[in-house]
Trainee: 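Can you read through this structure? Questions will come right after.
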Amino acid sequence: MKSIVAERKIMDFKEVLFKFENKYSFLYELEVNGVPFYTCHRDVVLRILIDGEKNSSSAYKNKKGRVYFFRFLEGVIKLRKFRKRKTLIFTSSMYRRDDGRNLAAEFLMDHYDDAVIYEWPSRNNNYDVAYFRDKKRAQYCPLDIYIVFYKLYRILHKHDLKTKEQEYRKEIEKRLDKICIENTNNEKLALAYLIRELPKSYVEIGISQEIFSKIFRKYKNIHRAIDFWGSARENIIPVLPGKPESIELQHGIITNYHTGYIYPVCANRKCNSFFERKILVYGNRTKNLLTNESIFKVENVEIIGNPRIAEYKKEYVKQDKGRNLILFCSQPFEQDGRANNYYETVIPILNTLEEVVRREKLNLNIGIKLHPRENNGVKELYMKKLQNVTVFDNTSQLYDLLSYTFVQITVNSTTLYEAAAFETPTVTISFNGINMKNEYGFDVWEIKRLSDVKEYLDLLSNKEEYSKYLNYLKENSLLYM
């Protein structure tokens, strides 16, 4: 049987990352206003430690869209208008994924009193313009003003910022020179990356905090600030007047090595206030991960379920269209520099899938959903390499697609959990030594050879096997949702 990828050793990602961080625990002491900004680089560091440093594929990255004058203008007006609000929710227009709405942010607005939403522009035109047709637009404040201020700041302080970055890089190099430890090749690459990038983050976060401290300086009544993928925990909350309660809504599924939430004990030695934020999570399994395998306190983790799914099912009652779609959820491995062989691995699987569906005369259609960080270049690649597929663009609505999907296929996307909530089973694709049980917390069906494609389709064609596997996924997914 033909293997789709070369066999690779399955690694314990958490063990690899923690080993490196315990060697260089001072990284968590590098801070700006209590923010240990090394945390912004952990995902890249882990990728380098596992697989060396990869160049991201610029050909498949999204191009930044325009800045909308009326978003900018309304933001200026509303920043003044909302000064007395008690609850500030920070999010991104990237999460306007359900008919142009951000359902999770809407949940937070209803859940907390006197709340308004501050929205970073994603510079994706489809998401940003959705603001203008939002029925709750009056309660949203675009933060496009930040982009203008940021660019002006960098122009006016160009020389000083460059000097500041160079001086900070020398400080980091001095600290590393004092640590005489043998390193692997990948650890050396990770250190080289950090020497190059940490001083940039030190400067960038400093700029952002200074800008937002001025934007929000006249806000005197803030009780709580909530971050839902709005970069507020690093850039905004630390400089808000009155030191309001810091809250964060979980975004995405948290695994046992999630670089945004699973930290070693040494992490909060200096910046402990950063790790004392309240976290709203989907389920009990996630709470246990944060409190038992990371450094968060039990009293700071609250279970609220998955608000986006709950709100979607309440707002959008879908008619039964049947389930005749095989949906491949694509992922931005190459855009993020995590791999340079993603498309060459998954496309042969999809070719085989096309062949099986055609040969067996199955009444199924094949669709590919692009990730929000994949661009039209990816769409063109899939359309060139595949004959009988529909490619849904990077703003297509996942939950709508799942409502008539027979089976989802992906590498290790957390859409597995969401698919189970929409009565859709998922089959994964083996890729670069990823341990799927570590990824999801339980065993899942995994395509390891091209011949596995037909085998799993045959199993799913059996109603009893289909129901058995789907119920297994639903039961285990609920622990995280």
Side-chain angles (χ1 to χ4, degrees), residues 14-15 17-46 87-90 112 168 171-172 175-176 178-179 190 194 197-199 201-210 212-213 216 222-252 254-281 286-304:
K14 178 182 174 182
E15 181 181 341
L17 183 58
F18 277 27
K19 179 182 177 183
F20 175 80
E21 292 178 338
N22 284 321
K23 279 184 177 182
Y24 299 99
S25 59
F26 82 90
L27 292 169
Y28 282 102
E29 298 175 11
L30 306 176
E31 51 88 21
V32 181
N33 274 321
V35 175
F37 54 91
Y38 161 73
T39 57
C40 302
H41 296 274
R42 295 183 82 221
D43 57 339
V44 179
V45 169
L46 176 58
T87 303
L88 312 188
I89 300 165
F90 296 94
Y112 292 95
Y168 200 78
E171 286 184 34
I172 293 174
R175 296 198 68 164
L176 286 172
K178 293 178 181 178
I179 303 173
L194 290 172
E197 298 298 329
L198 282 176
S201 291
Y202 174 72
V203 170
E204 298 286 333
I205 292 176
I207 295 171
S208 296
Q209 289 185 357
E210 186 171 345
F212 282 114
S213 68
F216 290 103
I222 310 171
H223 289 205
R224 63 194 67 84
I226 307 172
D227 188 14
F228 172 50
W229 212 71
S231 299
R233 72 183 186 186
E234 295 91 8
N235 297 296
I236 306 174
I237 295 176
V239 294
L240 289 177
K243 298 191 181 299
E245 179 185 14
S246 176
I247 303 173
E248 181 176 344
L249 173 62
Q250 174 185 349
H251 53 276
I254 297 175
T255 61
N256 72 337
Y257 68 89
H258 193 296
T259 54
Y261 294 99
I262 308 300
Y263 298 100
V265 174
C266 65
N268 65 351
R269 183 184 302 153
K270 180 177 182 182
C271 303
N272 56 337
S273 62
F274 180 79
F275 299 102
E276 289 181 354
R277 63 188 185 274
K278 185 176 184 178
I279 302 180
L280 310 176
V281 300
T286 304
K287 180 172 183 174
N288 288 339
L289 279 174
L290 294 184
T291 56
N292 295 331
E293 297 196 34
S294 190
I295 57 177
F296 295 96
K297 298 176 182 177
V298 173
E299 60 269 25
N300 288 342
V301 183
E302 178 184 339
I303 298 171
I304 63 166

Trainee: Tell me, do Lys278 and Arg224 make a side-chain contact under 4.5 Å, heavy atoms counted?
Mentor: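 They are not in contact (no side-chain heavy atoms under 4.5 Å apart), so the answer is no.
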
Trainee: Asn268 and Val265: which non-hydrogen atoms are nearest, and at how many Å?
Mentor: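 Asn268 and Val265 have their closest heavy atoms at OD1-O, 3.2 Å.
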
Trainee: Do the ring planes of Phe216 and Phe90 sit parallel (below 30°), tilted (30 to 60°) or perpendicular (above 60°)?
Mentor: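 Plane angle over 60°, so perpendicular.
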
Trainee: Once rounded to the nearest 0.5 Å, what's the spacing between atom CD1 of Ile295 and atom CG of Asn300?
Mentor: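 Going from CD1 on Ile295 over to CG on Asn300, the span is 11.0 Å.
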
Trainee: Quick one: does Tyr261's side chain get under 4.5 Å of Ile279's, heavy atoms only?
Mentor: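 Side-chain contact under 4.5 Å: yes.
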
Trainee: Taking Gln209 for its side chain and Glu234 for its backbone only, find out whether a donor-acceptor pair lies under 3.5 Å.
Mentor: yes

Trainee: Is Ser294 close to Phe275 at the side-chain level, that is, under 4.5 Å between some pair of heavy atoms?
Mentor: no

Trainee: According to the salt bridge (Lys or Arg N to Asp or Glu O under 4.0 Å) rule, which pairs have a member within residues 35-45, sequence neighbours left out?
Mentor: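 Every pair satisfying salt bridge (Lys or Arg N to Asp or Glu O under 4.0 Å) with a residue in residues 35-45: Glu21-Arg42, Asp43-Arg47.
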
Trainee: Return the minimal non-hydrogen interatomic distance between Gly34 and Cys271, and the atom names on each side.
Mentor: O-CB, 3.4 Å

Trainee: Where is the tightest heavy-atom contact between Val45 and Ala190, given as atom of each residue plus distance?
Mentor: CG1-CB, 4.3 Å

Trainee: Does any non-hydrogen side-chain atom of His41 lie less than 4.5 Å from one of Leu194?
Mentor: yes

Trainee: For the salt bridge (Lys or Arg N to Asp or Glu O under 4.0 Å) test, which of Glu245, Glu302, Glu248 pairs with Arg277?
Mentor: Glu248

Trainee: Would you indicate whether the side-chain heavy atoms of Leu88 and Pro244 approach each other to under 4.5 Å?
Mentor: no

Trainee: Might you point out which heavy atoms bring Lys14 and Ile262 nearest each other, and give the distance in Å?
Mentor: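 Looks like CE-CG2, 4.1 Å.
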
Trainee: So, using ring-ring contact (aromatic ring centres under 6.0 Å, His included) as the criterion, who are the partners of Phe20 when residues are at least two apart?
Mentor: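 Phe20 satisfies ring-ring contact (aromatic ring centres under 6.0 Å, His included) with Tyr24 only.
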
Trainee: So, taking the atom named NZ in Lys270 and the one named OG in Ser25, what distance separates them when rounded to the nearest 0.5 Å?
Mentor: 12.5 Å

Trainee: Applying ring pair (Phe, Tyr, Trp, His ring centres under 6.0 Å) between Tyr28 and each of Phe18, Phe274, Tyr38, report the one that passes.
Mentor: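 It is Tyr38; the other options fail the test.
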
Trainee: Name the orientation class of the two ring planes belonging to Tyr202 and Phe37 (parallel below 30°, tilted from 30 to 60°, perpendicular beyond 60°).
Mentor: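 Rings of Tyr202 and Phe37: tilted, as their planes differ by 30° to 60°.
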
Trainee: Check Asn33 against Pro238 and note the closest heavy-atom contact, atom names and distance.
Mentor: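 Result for this residue pair: O-CB, 3.8 Å.
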
Trainee: Heavy atoms, side chains only, cut-off 4.5 Å: are Gln250 and His258 in contact?
Mentor: no

Trainee: Just wondering, do Lys287 and Phe296 contact through their side chains at under 4.5 Å, heavy atoms?
Mentor: no

Trainee: With the side chain counted from C-beta on, respond yes when Tyr168 and Leu30 share a heavy-atom pair under 4.5 Å apart, and no when they do not.
Mentor: yes

